[in-house]
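Encoded as structure tokens, the structure appears first; notes follow it.
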Amino acid sequence: MRVDVLTIFPDYLAPLRLSLIGRAIDEGRIDVRVHDLRDWTTDRHRTVDDSPYGGGAGMLMRPEPWGAALDAVLGEEPDVRVVVPTPSGEPFTQALAHELAAQPRLVFVCGRYEGIDQRVLDEVGERARVTEVSLGDYVLNGGEVAVLVVVEAVARLVPGVIGNATSLVHESFADGLLEGPAYTKPSVWRERAVPDVLLSGHHGQIARWQRDEALRRTSARRPDLVAALVPATLDRRDLEVLEACGWRPTADGARLERSAAPVAD
Ligand code: JDN
């Protein structure tokens, strides 16, 4: 996979060369190229911003450097996916990470100031699929940190980047639930014991306890994820645990709804 990043702060992307992603780059699994948008300015001051038409606070990114930069980086290649972090984007999810991980080329566009002239995204949208993504309902100073997040989430799904592929199967969101608590040695620490069942060696009971904990934690912290579950995919014990957390199947059985106030975490 080839990843291009366009930014006025190339140094922000340096951490991509560390740790697992750094190793994947060294091994040639991911080709990361970070570009300075100012390389495509033509004025003495390398200007990338200007004031917004219609007035308002702050500055916007001018279209000309972006147009020239995207022409150069996209080239004539088909199948380039352009990803633009912005608080007004669609939510970035594990499902979208999987979709992006299957692409041959990703181009990340990092906005700064109050954002980018809309015509840049409209025009590149005629040459490539453009996806505006939001990490959550909060505002960063620019897209760079969001790109670090998205590239890390995507790169670890590229075959060979994570040694142990089974560790991808058992993680939060793989089955639409948060992961429950986890423990390691010592079995007692500061008078706190690891739950007995985990030391029992009964693999069936352990798996059931872990699922119960995942269901309870998801109900307490992410009721939106419980509301997205399909009851037909749950077993009777799942439904009992969720009922104790205040959930019941809807009359048509297609969904779950709250039947009682949330149970404290
Ligand atoms: O994802 B963000 O919060 C985000 C904020 C800004 C941005 C791009 C992304 N450009 C300017 C602010």
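Positions are given from 1 along the sequence. Keep in mind the model is a prediction, meaning the values are calculated, not measured. One-based numbering, in listed order, for ligands and for the atoms of each.
Listed for the Arg81 side chain is no donor-acceptor partner under 3.5 Å among the backbone atoms of Leu106. When atom types are taken as modelled, the side chain of Thr86 and the backbone of Ser88 share a donor-acceptor pair closer than 3.5 angstrom. In terms of modelled atom types and a separation under 3.5 Å, the side chain of Thr250 and the main chain of Leu256 share no donor-acceptor contact.
Considering only non-hydrogen protein atoms, atom 4 (C) of ligand 1 sits nearest to Pro87 CD, 3.5 Å. In terms of protein heavy-atom proximity, atom 3 (O) of ligand 1 is closest to Leu140 N, 2.9 Å. In this structure, the protein non-hydrogen atom closest to atom 8 (C) of ligand 1 is Pro85 O, 3.2 Å. Counting only heavy atoms of the protein, atom 11 (C) of ligand 1 lies nearest to Tyr113 O, 3.0 Å.
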Might you work through the salt bridge (Lys or Arg N to Asp or Glu O under 4.0 Å) test for Arg208 and Asp235, ending with a clear yes or no? CA-CA 11 Å; Arg208 187 62 253 179; Asp235 65 25; 3.0 Å; yes
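Near Gly143, meaning under 4.0 Å from any of its heavy atoms, are these atoms of ligand 1: 7 (C), 8 (C), 9 (C). Near Tyr138, meaning under 4.0 Å from one of its heavy atoms, ligand 1 places the atoms 3 (O). Set against the non-hydrogen atoms of Val139, the atoms of ligand 1 under 4.0 Å away are 3 (O).
Applying the salt bridge (Lys or Arg N to Asp or Glu O under 4.0 Å) test between Asp265 and each of Arg221, Arg216, Arg217 identifies Arg221 as the sole match.
Heavy-atom distances between Leu135 and ligand 1 stay at or above 4.0 Å for every pair. Residue Gly142 places a heavy atom under 4.0 Å from ligand 1.
At most 12 non-hydrogen atoms from other residues, nucleotides or ligands lie less than 6.0 angstrom from CG of Asp196.
Using a 3.5 Å distance cut-off with no hydrogens or angles, the side chains of Ser219 and Trp247 do pair a donor with an acceptor.
Residue contacts with ligand 1, taken as heavy atom pairs separated by less than 4.0 Å, do not involve Glu114 at all.
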